[in-house]
Structures are given as structure tokens and as C-alpha cells.
Amino acid sequence: MSLTECYIALGGSYEEVLSRLSSERLVNKFVLKFLTDPSYDLLVRSMESKDWPEAFRAAHTIKGVCQNLSFTTLYQSSNQLAEALRNGYTPEAPALFDQVCADYERTAGAIRAYQAESEV
């Protein structure tokens, strides 16, 4: 799997991130680094413990990282969740959180597949 194919699989824009970071080496570095970012785990824990300010912060961080890396699908869902949590809990937050979880798994799965094939 190429980096371009990885971006297709995760629902992102490789052309956009390449224009921002200007080298495939940098894109590769930050895409792989995404897997070790603790923000998603923090979001899950915060949602489970109903710590809405911390959940907002985690969703907002995920949104920012995804915007910088042009992970379009996960950016959109994490942005919606961050906005829903901006002023505390809202009734739509659980469904938006479920969407973020699904989009995160899609994104992380595509990156893991890319990583596994590029190490061979």
C-alpha cells in the first residue's frame, strides 16, 4: 500500500497534506506518529467518565491533528463532537462520539496496513 492509497483508505486528501508539508518523508513521519498520539485514548476515557471539559479538549486536539494531516473524514466527525462538547454535555454527543470512534478505527486501520506493508 502506498501513502496515497493509505489516504484513500482513511478518507483523506494526500494532495492537500503534501502541499502543506511539502515532502513525502514528512507526511510519512507524521502519519505514522498519529498512531502514538494519546488524544483518542484520552477522549474515550473522558467520555466514559463524563469529564466533558477533558472530552472537549481531546476531541479538539484530534480535530486539529486531523486538519493538519488532511484526515478529512476523522476531522469532520471530531470537529462535530468538539463543537457539541464546547459548552459541556449535549444530547447529540454520544452519537457523535460513536462516529468519531468508527472514523478513528478506519483511520488507524489504514495507517497500520500502510505501516505493515511499508516495513516488508
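- Legend: residues meeting side chain to side chain donor-acceptor pair (under 3.5 Å) with Thr107, ordered by chain and number and at least two apart, are absent.
- Considering every non-hydrogen atom in both Ala113 and Met1, the closest pair reads CB-CE, 4.1 Å.
- With rounding to the nearest 0.5 Å, the separation of CG in Leu74 from CG in Asn79 is 11.0 Å.
- Contacts of Phe97 classified as ring pair (Phe, Tyr, Trp, His ring centres under 6.0 Å), with partners at least two apart in sequence or in another chain: none.
- Remark: the backbone N or O of Arg45 is not paired with any side-chain donor or acceptor of Glu48 at under 3.5 angstrom.
- Applying the salt bridge (charged side-chain N to carboxylate O under 4.0 Å, His left out) test to residues at least two apart or on different chains, none of the pairs has a partner in residues 64-82.
- For residues 55-71, the pairs satisfying salt bridge (charged side-chain N to carboxylate O under 4.0 Å, His left out) are Glu54-Arg57, with sequence neighbours left out.
- Note: the hydrophobic cluster containing Val65 also contains Leu21 (ILVMFWY, side chain heavy atoms under 4.5 Å, direct or indirect links).
- Heavy-atom minimum distance, Ala82 versus Phe56: O-CD1, 3.1 Å.
- A pairwise comparison of heavy atoms in Tyr40 and Cys101 identifies OH-SG, 3.3 Å as the closest pair.
- Sorted by first and then second residue, the pairs that involve residues 8-28 and meet ring-ring contact (aromatic ring centres under 6.0 Å, His included), not counting sequence neighbours, are Tyr7-Tyr14.
- Residues Glu24 and Leu3 approach most closely at CG-CD2, 3.8 Å, considering heavy atoms.
- Looking at residues two or more places apart in sequence or on another chain, you find no side chain to side chain donor-acceptor pair (under 3.5 Å) involving Ser13.
- There is a path of hydrophobic side-chain contacts, each under 4.5 Å, that joins Leu69 to Leu43.
- Scanning for side chain to side chain donor-acceptor pair (under 3.5 Å) contacts around Asp103 gives Ser77, Gln99, with sequence neighbours left out.
- Rounding to the nearest 0.5 angstrom, the gap separating the CG atom in Leu85 from the CD atom in Glu92 is 8.5 Å.
- Looking only at side-chain heavy atoms (C-beta outward), Tyr104 and Cys66 stay at 4.5 Å or farther from each other.
- The shortest heavy-atom contact between Asn68 and Val17 is O-CG2, 3.8 Å.
- Legend: residues meeting salt bridge (Lys or Arg N to Asp or Glu O under 4.0 Å) with Arg20, ordered by chain and number and at least two apart, are Glu16.
- Placement of Leu42 and Leu96 in two distinct hydrophobic clusters is found when ILVMFWY residues are connected by side-chain heavy-atom separations under 4.5 Å, directly or transitively.
- Minimum heavy-atom separation, Leu18 to Ser23: CD1-C, 3.7 Å.
- Checked by atom type and distance alone, the side chain of Thr72 never pairs as donor or acceptor with a backbone atom of Gly12 at under 3.5 Å.
- By the side chain to side chain donor-acceptor pair (under 3.5 Å) test, Glu105 is found to be paired with no residue, residues two or more places apart in sequence or in another chain being considered.
- The hydrophobic clustering, which links ILVMFWY residues whose side-chain heavy atoms are closer than 4.5 Å, places Met47 and Val100 together.
- Contacts of Ser49 classified as side chain to side chain contact (heavy atoms under 4.5 Å, CB included), with partners at least two apart in sequence or in another chain: Asp51.
- Listed by chain and number, the residues in a salt bridge (Lys or Arg N to Asp or Glu O under 4.0 Å) with Arg86 are Glu83 (sequence neighbours excluded).
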Show me, pair by pair, the donor-acceptor contacts under 3.5 angstrom made by side chains of residues 27-37, not counting sequence neighbours?
from, atom 1, to, atom 2, distance (Å)
Asn28, OD1, Tyr114, OH, 2.5
Thr36, OG1, Lys33, O, 2.9
Asp37, OD1, Ser39, N, 2.7
Asp37, OD1, Ser39, OG, 2.6

